[in-house]
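First the structure, in the form of structure tokens, and then the observations on it.
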Amino acid sequence: MIASSPLKAKNKKMKNKKTVLYGVIILLTGVIYFAVQAQQKNGTHRANFSGEWKSGESISMGGNIVCCYNPGDRMLAKTMKIAEQANFLTIEVSSSFPGTAPVTSQEKLTFDGKESQINHGPERGKKFTVKWSDDGQTMTVNSIVHLMVATPYNVNVLEQMVVYVTEVWKLSNDGKSISVQANAKSNSFDDGRSWTTVFDKAN
């Protein structure tokens with residue numbers, strides 16, 4: 001009996017180690033499971049903007065900032081064709097200034113929070129980031145637009161104009177319209193501007 005005591009103690013110690021190991025495995029499995037479930041739940045309930053959408057006027061027209069954009073920019077478009085993926089969405093548009101030929105383009109909005117950039121030549125273009133709200137119901141696009149404009153009373157001298165634009169996109173409860181609440185401020189106009197543009201689903 002005395003000789004077998006160390007062996008029993010060793011077996012008991014090994015059994016305790018196995019019990020702890022099994023407990024850790026079960027705990028990690030539970031953590032991974034609930035993390036996956038939470039991720040799936042967030043993805044399931046996120047608003048989906050896919051489809052073709054039409055509005056009576058472009059987003060930029062409502063804020064009277066049409067001159068801030070180049071032909072082909074989605075902010076000048078009255079119609080948007082949106083395809084949404086897991087980590088980004090694409091917006092196909094055709095837009096132009098009055099009396100000019102339409103320009104077709106595609107803009108990609110990525111959901112990773114990293115800055116994207118579109119260049120239209122020296123000192124002209126825009127940088128933007130995209131972020132979803134925690135509940136997945138609104139999408140916010142923050143843009144910084146750079147362009148060169150003529151100075152007052154001297155059209156031959158250009159100066160840098162910077163416009164900061166924030167858009168908050170929200171899908172209606174019935175999924176038939178998108179409201180874009182926008183505001184803009186610039187070094188060229190004193191007061192900020194706020195307005196809403198509504199796009200109705202075309203298909």
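Just so it is clear, the structure is predicted and the values come from calculations on it, not from any experiment. Below, each value reflects all heavy atoms present in this structure, side chains not excepted, and no hydrogens, waters or symmetry copies.
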What distance separates [X] [atom1] from [Y] [atom2], expressed to the nearest 0.5 Å?
| X | Y | atom1 | atom2 | answer |
| --- | --- | --- | --- | --- |
| Ser95 | Lys78 | OG | NZ | 11.5 Å |
| Ile59 | Thr197 | CD1 | OG1 | 5.5 Å |
| Lys127 | Asn142 | NZ | CG | 14.5 Å |
| Lys54 | Ile178 | NZ | CD1 | 14.5 Å |
| Asp135 | Arg46 | CG | CZ | 12.5 Å |
| Gln137 | Leu171 | CD | CG | 8.0 Å |

Can you tell me if Ser55 uses its side chain to pair, donor with acceptor, with the backbone of Ser58 under 3.5 Å?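 Pair absent, no side-chain N/O of Ser55 close to backbone of Ser58.
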Do side-chain atoms of Ser172 reach the backbone of Ser177 as a donor and acceptor pair under 3.5 angstrom?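 Between the backbone of Ser177 and the side chain of Ser172 there is a qualifying donor-acceptor contact (under 3.5 Å).
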Can you list, by chain and residue number, the hydrophobic cluster partners of Val198 when the side-chain cut-off is 4.5 Å?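 Its cluster partners, ordered by chain and number, are none at all.
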Give me the other members of the hydrophobic cluster that Tyr164 sits in, counting Ile, Leu, Val, Met, Phe, Trp and Tyr linked by side-chain heavy atoms under 4.5 Å, directly or via other members.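 Members other than Tyr164 - counting any ILVMFWY side chain reachable under 4.5 Å - are Ile144, Val162.
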Ring pair (Phe, Tyr, Trp, His ring centres under 6.0 Å) involving [X] - partner list, sequence neighbours excluded:
| X | result |
| --- | --- |
| Trp195 | none |
| Phe128 | none |
| Trp53 | none |

same_hphob_cluster(Ile91, Met61) at 4.5 Å side-chain heavy-atom cutoff: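 Same hydrophobic cluster.
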Once side-chain hydrogen bond (donor to acceptor under 3.5 Å, both in side chains) is applied, do any residues pair with [X], and if so which ones, sequence neighbours excluded?
| X | answer |
| --- | --- |
| Thr138 | Ser133 |
| Glu92 | Gln106 |
| Thr79 | none |

Within a strict 4.5 Å, meaning less than it, do heavy atoms of the [X] and [Y] side chains meet?
| X | Y | answer |
| --- | --- | --- |
| His120 | Ile118 | yes |
| Val180 | Val168 | no |
| Leu89 | Lys108 | no |

Close aromatic pair by centroid cut-off 6.0 Å: Phe49 and Trp132: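 Yes - the distance between ring centres of Phe49 and Trp132 falls below the 6.0 Å cut-off.
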Stepwise side-chain contact (heavy atoms from CB on, under 4.5 Å) test for Glu52 and Ile82: CA-CA 6 Å; Glu52 187 171 343; Ile82 302 176; over 6 Å; no
Result block: side-chain N/O donor-acceptor pairs under 3.5 angstrom for residues 63-70, not counting sequence neighbours:
residue	atom	partner	partner atom	Å
Asn70	OD1	Arg124	NE	2.3
Asn70	OD1	Arg124	NH2	3.2

Pair Gln181-Thr196, side chain to side chain donor-acceptor pair (under 3.5 Å): steps then yes or no: CA-CA 4 Å; Gln181 174 67 48; Thr196 301; 2.6 Å; yes
Over 12 foreign heavy atoms within 6.0 Å of CE, Met161: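 Yes, CE of Met161 has more than 12 neighbouring heavy atoms, counting only those of other groups under 6.0 Å.
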Above 12 or not: heavy atoms from other molecules or residues under 6.0 Å from CG of Asn173?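 Atom CG in Asn173 is not packed in, count stays at 12 or less.
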Donor-acceptor pairs under 3.5 Å, side chain of residues 98-105 to any protein atom, not counting sequence neighbours: which ones?
residue	atom	partner	partner atom	Å
Thr100	OG1	Phe97	N	3.1
Thr100	OG1	Phe97	O	2.6
Ser105	OG	Gly72	O	2.3

Are side-chain N/O atoms of Gln85 and Asn87 paired as donor and acceptor at under 3.5 Å?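 There is no such pair (donor and acceptor under 3.5 Å, judged by atom type) between the side chains of Gln85 and Asn87.
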Could you give all pairs that pass the salt bridge (charged side-chain N to carboxylate O under 4.0 Å, His left out) test and reach residues 192-203, with sequence neighbours left out?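 Output for this query is empty, none listed.
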May I have all residue pairs that pass salt bridge (charged side-chain N to carboxylate O under 4.0 Å, His left out) and include part of residues 66-75, sequence neighbours excluded?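 Residue pairs with at least one partner in residues 66-75: Asp73-Lys126, Arg74-Glu107, Arg74-Glu167.
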